[in-house]
Structure formats: structure tokens, C-alpha cells
Amino acid sequence: MERWLGMGLIGLVLLIGACGGDNDNGADELSLNEYFSRLQALADEVRSRADGLAEPVSFDDDVAGVFNQSLDIFRDFLNDVRELNPPSEAQSAHEALVSALDHFIDANEDLVGQLEDASTEAESQAIFENVPAEAEGAPIGSACADLQQIATDNNISVNLDCGSDNE
């Protein structure tokens with residue numbers, strides 16, 4: 001149970017550390033420091049919310065329900081980061097992350113649908129053995145790492161926890 005649940009939650013770990021969004025609402029562009037400060041605060045909030053999720057320990061637990069709760073956190077996070085207006089130096093990486101998050105959420109919504117239809121633990125395990133790459137969050141980690149590199153290159157102290165050694 002831990003193995004297949006962990007596979008599906010890999011994306012959650014990456015997403016919690018990642019940040020991004022796009023904004024066309026006409027708000028003032030943030031400075032690079034302000035952008036990363038707000039990004040860090042949003043990531044910290046997501047970590048806190050995710051820490052409060054119960055992890056199912058058996059098939060009898062509501063695995064799909066836990067994934068839905070996780071997706072609610074992702075949706076809120078994505079909506080919040082879309083409110084940010086990144087500076088030009090971070091715009092491309094910011095947009096890449098928003099796109100990756102959108103694909104991640106869509107793929108995991110499909111995964112939840114499959115889990116809801118599974119009637120046995122074996123069916124659920126088979127679903128987790130064939131998780132699409134989008135549901136695992138690799139593009140999120142890459143976009144997060146790009147944002148972390150921008151912060152590092154500009155001597156901005158944040159730790160987006162992109163699943164790598166970036167500080």
C-alpha cells in the first residue's frame with residue numbers, strides 16, 4: 001500500500017515545493033524579491049496544509065478521497081500563484097510552472113476517477129503501476145528548479161524545495 005500510494009503522492013511533494021502562475025489582471029509587476037517572498041509564503045502554506053492530510057493505511061481507507069483532498073490543495077495553490085504578477089526575469093519559468101501544474105492536476109483528476117472506479121486493492125495497485133508521467137510531477141520539479149536557479153542567480157534566499165539540492 002505504501003509503495004503505490006507514495007508513487008501517486010510524488011507529485012504532491014514536488015508541487016508543495018514548487019511555485020508559479022500567470023497573471024493578466026493588470027496588477028503591478030512584482031519585484032524579483034517580492035515575487036520570491038510571496039512564492040515562498042505560498043509554498044509554506046501548501047506544506048502546512050499537506051502535513052494535515054491523513055494518509056490511508058489500507059485499501060479500505062478512502063484513497064481517492066485523500067487524493068481529492070490533495071488536489072483541492074493544488075487547485076487552491078494554483079489559483080493563488082496565478083494572482084502573482086512575476087517580473088520579466090521570472091515570467092517564462094513562472095508560465096512553465098503554471099502549465100506543468102495544470103497538466104499535473106488534470107492527470108491526477110483522471111487518476112482519482114480511476115481509483116474511485118476500482119473495487120479491489122489489486123485494481124488500485126494496477127492503477128498506481130501505470131501512473132502517467134504528468135501525474136508524477138516531473139515537469140513541476142523542472143520548472144521549480146528553474147525558478148530556484150533564478151532566485152539563486154539573483155542572490156535571493158529562498159528554498160523552493162524542488163526535490164533537488166537547490167537552496
Side-chain angles (χ1 to χ4, degrees), residues 1-25 35-36 38-86 93-148 158-164 166:
M1 179 65 139
E2 289 176 21
R3 179 181 166 268
W4 57 267
L5 181 59
M7 287 175 51
L9 293 177
I10 289 172
L12 173 62
V13 172
L14 291 173
L15 179 62
I16 289 171
C19 302
D22 64 305
N23 184 345
D24 294 328
N25 66 8
Y35 173 77
F36 281 107
R38 291 183 186 181
L39 209 54
Q40 185 73 64
L42 290 173
D44 291 345
E45 179 183 340
V46 170
R47 281 185 201 100
S48 176
R49 288 181 64 192
D51 286 345
L53 291 177
E55 185 173 324
V57 293
S58 71
F59 177 73
D60 293 335
D61 286 341
D62 185 8
V63 175
V66 171
F67 272 86
N68 269 323
Q69 291 173 2
S70 298
L71 285 173
D72 286 344
I73 293 171
F74 298 146
R75 287 181 200 104
D76 291 347
F77 176 72
L78 182 55
N79 289 333
D80 288 342
V81 296
R82 280 189 168 137
E83 294 296 318
L84 298 177
N85 191 5
H94 180 84
E95 290 172 0
L97 183 59
V98 168
S99 176
L101 290 170
D102 280 331
H103 292 294
F104 172 82
I105 290 169
D106 289 345
N108 276 283
E109 286 172 343
D110 291 343
L111 185 67
V112 168
Q114 293 174 33
L115 287 171
E116 289 173 339
D117 292 340
S119 59
T120 66
E121 186 170 355
E123 289 176 359
S124 293
Q125 287 175 340
I127 291 166
F128 282 108
E129 289 172 2
N130 296 301
V131 173
E134 295 87 9
E136 291 184 351
I140 295 170
S142 177
C144 177
D146 289 346
L147 285 167
Q148 182 67 58
V158 296
N159 183 358
L160 299 179
D161 192 23
C162 301
S164 68
N166 291 331

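The figures here come from the full heavy-atom set of this structure, side chains too, leaving out hydrogens, waters and symmetry mates.
The salt bridge (charged side-chain N to carboxylate O under 4.0 Å, His left out) with R49 is formed by just one residue from the set D76, D44, D72; it is D76. For the side-chain contact (heavy atoms from CB on, under 4.5 Å) with N108, the lone residue among L71, V131, L115 that qualifies is L71.
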* Asked: How far apart are the C-alpha atoms of D80 and V46, what are their side-chain angles, what is the distance that settles it, and do they pass the side chain to side chain contact (heavy atoms under 4.5 Å, CB included) test?
  -> CA-CA 11 Å; D80 288 342; V46 170; over 6 Å; no
* To do: Might you work through the ring-ring contact (aromatic ring centres under 6.0 Å, His included) test for F128 and F67, ending with a clear yes or no?
  => CA-CA 12 Å; F128 282 108; F67 272 86; 5.6 Å; yes
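Rounded to the nearest 0.5 Å, atoms CG (L101) and SG (C144) are 9.5 Å apart. From I105, atom CD1 reaches atom CD1 of I73 across 11.5 Å, with rounding to the nearest 0.5 Å.
Applying the side-chain hydrogen bond (donor to acceptor under 3.5 Å, both in side chains) rule to E123 yields the partners S119; only residues at least two apart in sequence or on another chain are considered.
Using a 4.5 Å heavy-atom cutoff, the side chains of L42 and L84 are in contact. Within the 4.5 Å cutoff, the side chain of Y35 has heavy atoms near those of the L147 side chain.
In this structure, N159 and Q40 approach most closely via the heavy-atom pair N-OE1, 2.9 Å. Taking both residues in full, the closest heavy atoms of A143 and A96 are given as CB-C, 4.0 Å, listed atom of the first, atom of the second, then distance.
Among residues at least two apart or in separate chains, salt bridge (charged side-chain N to carboxylate O under 4.0 Å, His left out) pairs with a member in residues 104-119 are R75-E109.
Using a distance-only test at 3.5 Å, with no hydrogens or angles considered, a donor-acceptor pair links the side chain of Q148 to the main chain of V158. Here the side chain of S70 pairs a donor or acceptor atom with the backbone of V66 at under 3.5 angstrom.
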